[in-house]
Amino acid sequence: MTITPEKLFVTGIGTGIGKTICSAVLTAYFKADYWKPIQSGDLKQTDSMMIKHLVEAPVVIHPERYSLELAASPHKSAAKENLTIHLEDFQLPETNNSLIVEGAGGLCVPLSDDVYIIDLIKKLGLPAVLVAKDYLGCINHTLLSLDMLRKNKIPLAYFIFNGTFDPDTYRIIAKNLETSTKILQIPYLKTINKHNLNKIVQQLTNI
């Protein structure tokens, strides 16, 4: 199958829902470059490092625009270092490859007092990938995220059900997706390693 090059912004319905694992799957599948514009905390084990560790083939990792020490919302992490994040600080890396861009947290995570992740997605002009996992409240968080993407006219290229979902939860979410949005299901990984991630990539045949 011929894989069409993609440039995508991976975001989530919240924090800690598996964006980096999903980004690794997409990076491997599309043989894409990877870019994390803002790393907030965990500088000894960044998301970029995780992508490099998990993706089997060599991958081009573009450097973060901001690497902030405090593990907190970027606006707080930046303020602690006497920095203010501006949209003008960000430009897409130049590449002829597909590109997976991973955000921080969800759409309304603040980068400053006036700028949010959704503003960065609009600035970069990329379609979104929205990642969700099943927990009490995920339907509400998902529908709010979908509504915000629509109101901001950001196309949703892919929706990822990350892990196992209750059938009733899956049904409600799926019926609220546009027909143009492709649905992906990524199984829960008990052990996260290169081998298991590659098995998931091999199963993605029609995205």
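Grouping the Ile, Leu, Val, Met, Phe, Trp and Tyr side chains by contacts below 4.5 angstrom, directly or via other members, places Leu189 apart from Met49. Clustering ILVMFWY residues whenever any of their side-chain heavy atoms sit less than 4.5 angstrom apart, transitively, puts Val129 in the very cluster that holds Leu92. Hydrophobic clustering, with ILVMFWY side chains joined whenever heavy atoms are under 4.5 angstrom apart, keeps Ile38 apart from Leu43. Note: the hydrophobic cluster containing Val60 does not contain Val101 (ILVMFWY, side chain heavy atoms under 4.5 Å, direct or indirect links). A chain of hydrophobic side-chain contacts below 4.5 Å, direct or via other Ile, Leu, Val, Met, Phe, Trp or Tyr residues, connects Leu177 to Leu107.
Counting non-hydrogen atoms of neighbouring residues, nucleotides and ligands closer than 6.0 angstrom, the NZ atom of Lys76 reaches no more than 12 such neighbours.
Taking a cutoff of 4.0 Å between a charged side-chain nitrogen and a carboxylate oxygen, Glu102 and Lys36 qualify as a salt bridge.
The ring pair (Phe, Tyr, Trp, His ring centres under 6.0 Å) pairs that include a residue from residues 177-201 number zero, where partners must be two or more places apart or lie in different chains. Residue pairs meeting the side-chain hydrogen bond (donor to acceptor under 3.5 Å, both in side chains) criterion with at least one member in residues 117-130, sequence neighbours excluded, are Lys122-Asn152.
Using a 4.5 Å heavy-atom threshold, the side chains of Asp147 and Leu144 count as separate. Side-chain contact between Ile85 and Leu68 is present, with at least one heavy-atom pair separated by less than 4.5 Å. Between Leu124 and Leu120 the shortest side-chain heavy-atom distance falls below 4.5 Å. Within the 4.5 Å cutoff, no side-chain heavy atoms of Ile200 are placed close to those of Ile21. Side chains of Leu8 and Phe30 form a contact here, defined as non-hydrogen atoms less than 4.5 Å apart. Two residues are said to be in side-chain contact when any heavy atoms from C-beta on lie closer than 4.5 Å; Ser48 and Gln39 fail this criterion. Considering only heavy atoms from C-beta on, Tyr34 stays 4.5 Å or farther from Val55 through its side chain. Counting only heavy atoms from C-beta outward, the side chains of Tyr158 and Leu26 never approach each other to under 4.5 Å.
Between the side chain of Asp47 and the backbone N or O of Thr20, no donor-acceptor pair lies under 3.5 Å. A distance-only check finds a donor-acceptor pair linking the side chain of Asp89 to the backbone of His86 [under 3.5 Å]. A donor-acceptor pair under 3.5 Å is absent between the side-chain atoms of Asp42 and the main chain of Gln45, judged by distance alone. For the pair Asn196 (side chain) and Thr191 (backbone), a donor-acceptor distance under 3.5 Å is present. Side-chain atoms of Lys133 come within 3.5 Å of backbone N or O of Gly16 as a donor-acceptor pair. A side-chain donor-acceptor contact under 3.5 Å links Glu81 to the backbone of Glu69. Asn162 places a side-chain N or O within donor-acceptor distance of the main-chain N or O of Ile17, the cut-off being under 3.5 Å. Using a distance-only test at 3.5 Å, with no hydrogens or angles considered, a donor-acceptor pair links the side chain of Ser98 to the main chain of Glu6.
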Task: Stepwise side-chain contact (heavy atoms from CB on, under 4.5 Å) check, Cys138 with Thr169 - done: CA-CA 8 Å; Cys138 75; Thr169 300; 3.6 Å; yes
- [ ] Could you please spell out the steps behind the side-chain contact (heavy atoms from CB on, under 4.5 Å) verdict for Leu130 and Ile13?
- [x] CA-CA 7 Å; Leu130 186 62; Ile13 64 169; 4.0 Å; yes
- [ ] Show your working on side-chain contact (heavy atoms from CB on, under 4.5 Å) between Tyr66 and Leu111 and close with a plain yes or no.
- [x] CA-CA 11 Å; Tyr66 284 96; Leu111 306 183; over 6 Å; no
Open item on the list: What verdict does the side-chain contact (heavy atoms from CB on, under 4.5 Å) test give for Thr142 and Phe159, after you've listed the backbone C-alpha separation in whole Å, the side-chain angles of each residue and the deciding distance to 0.1 Å?
Closed with: CA-CA 10 Å; Thr142 298; Phe159 185 91; 3.7 Å; yes
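Atom CD1 in Ile51 sits 5.5 Å away from atom OG in Ser23 (nearest 0.5 Å). Atoms CD1 and CG, on Ile172 and Leu143 in that order, are 8.0 Å from each other to the nearest 0.5 Å. Distance check, rounded to the nearest 0.5 Å: OG1 of Thr181 to CG of Leu146 gives 8.0 Å. His53 NE2 to Ile192 CD1: the interatomic distance, rounded to the nearest 0.5 Å, is 9.5 Å. To the nearest 0.5 angstrom, Lys19 atom NZ is 14.0 Å from Ile100 atom CD1. Between the CZ atom in Arg171 and the CD1 atom in Ile173 there is a gap of 11.0 Å [rounded to 0.5 Å].
Nearest heavy-atom pair, Phe161 versus Ala174, reported as atom, atom and distance to 0.1 Å: CZ-N, 4.3 Å. Taking every heavy atom of both residues into account, Lys31 and Asn97 meet most closely at O-CB, 4.4 Å. Closest of all the heavy-atom pairs between Thr95 and Lys7 is O-NZ, 3.8 Å. Shown here for Asp134 and Asp166, the closest heavy-atom pair between the two residues is OD2-N, 2.7 Å. Taking both residues in full, the closest heavy atoms of Ser40 and Ser77 are given as OG-OG, 2.6 Å, listed atom of the first, atom of the second, then distance. Contact record, Ala24 with Leu197: CB-CD1, 3.7 Å, taken as the closest heavy-atom pair.
Qualifying side-chain hydrogen bond (donor to acceptor under 3.5 Å, both in side chains) partners for Tyr116, counting only residues two or more places apart in sequence or in other chains: none.
Taking the six-membered ring where the residue is Trp, Phe165 and Tyr170 present perpendicular rings, their angle passing 60° and hence far from 30°.
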